Amino acid sequence: MSAPIRPLPRLLQLMREQGATTKTTAKIIGRSETYLRRRLKADTYLLDLPIDEIDRLAGFFGVQARELGG
């Protein structure tokens, strides 16, 4: 049995691996950098974003949306 996917750490990992900044990632979802920073600093493993934003991020990073909580 594999470990559960933790969406927020997975997004941070993808950002590091692909060299995506918070500013770039925020543009992908059509939000401000401040909006995304608040979500990235959350004390949770969940990614608190609407499903359409998760879908856009998944497409950009080339992963399935379920990896980011979709």
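Everything numeric in this text was worked out from a predicted model, so none of it was measured.
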Handout entry: Closest contact, heavy atoms only, P9 versus Y45
Key = CG-CD2, 3.4 Å

Handout entry: Side chain proximity check, L36 to K23, heavy atoms < 4.5 angstrom
Key = no

Handout entry: Test item: L11 and F61 side chains (from C-beta on) under 4.5 Å apart, heavy atoms
Key = yes

Handout entry: CA sep, side-chain torsions, deciding dist, call: I28, E53, side-chain contact (heavy atoms from CB on, under 4.5 Å)
Key = CA-CA 8 Å; I28 294 164; E53 294 176 9; over 6 Å; no

Completion exercise
Taking every heavy atom of A65 against every heavy atom of I54, the minimum-distance pair comes out as O-CG2, 3.8 Å

Problem - Distance-minimising heavy-atom pair for P50 and R31 - result: CG-NH2, 4.1 Å

Exercise for the section: Identify whether NZ of Lys or CZ of Arg in R39 sits under 6.0 Å from the centre of the six-membered ring of Y35 and within 45° of that ring's axis. Expected result: yes

Handout entry: Validation row: M15, T21 side chains within 4.5 angstrom (heavy atoms)
Key = no

Practice task
Check for a donor-acceptor pair, side chain of T24 on one end and backbone N or O of A20 on the other, with a separation under 3.5 Å.
Solution key: no

Handout entry: Ion pair E67/R10, N-O distance below 4.0 Å
Key = yes

Handout entry: Stepwise side-chain contact (heavy atoms from CB on, under 4.5 Å) check, L68 with L14
Key = CA-CA 10 Å; L68 299 176; L14 291 166; 4.1 Å; yes

Exercise for the section: Enter the distance from E17:CD to L12:CG here, rounded to the nearest 0.5 Å. Expected result: 11.0 Å

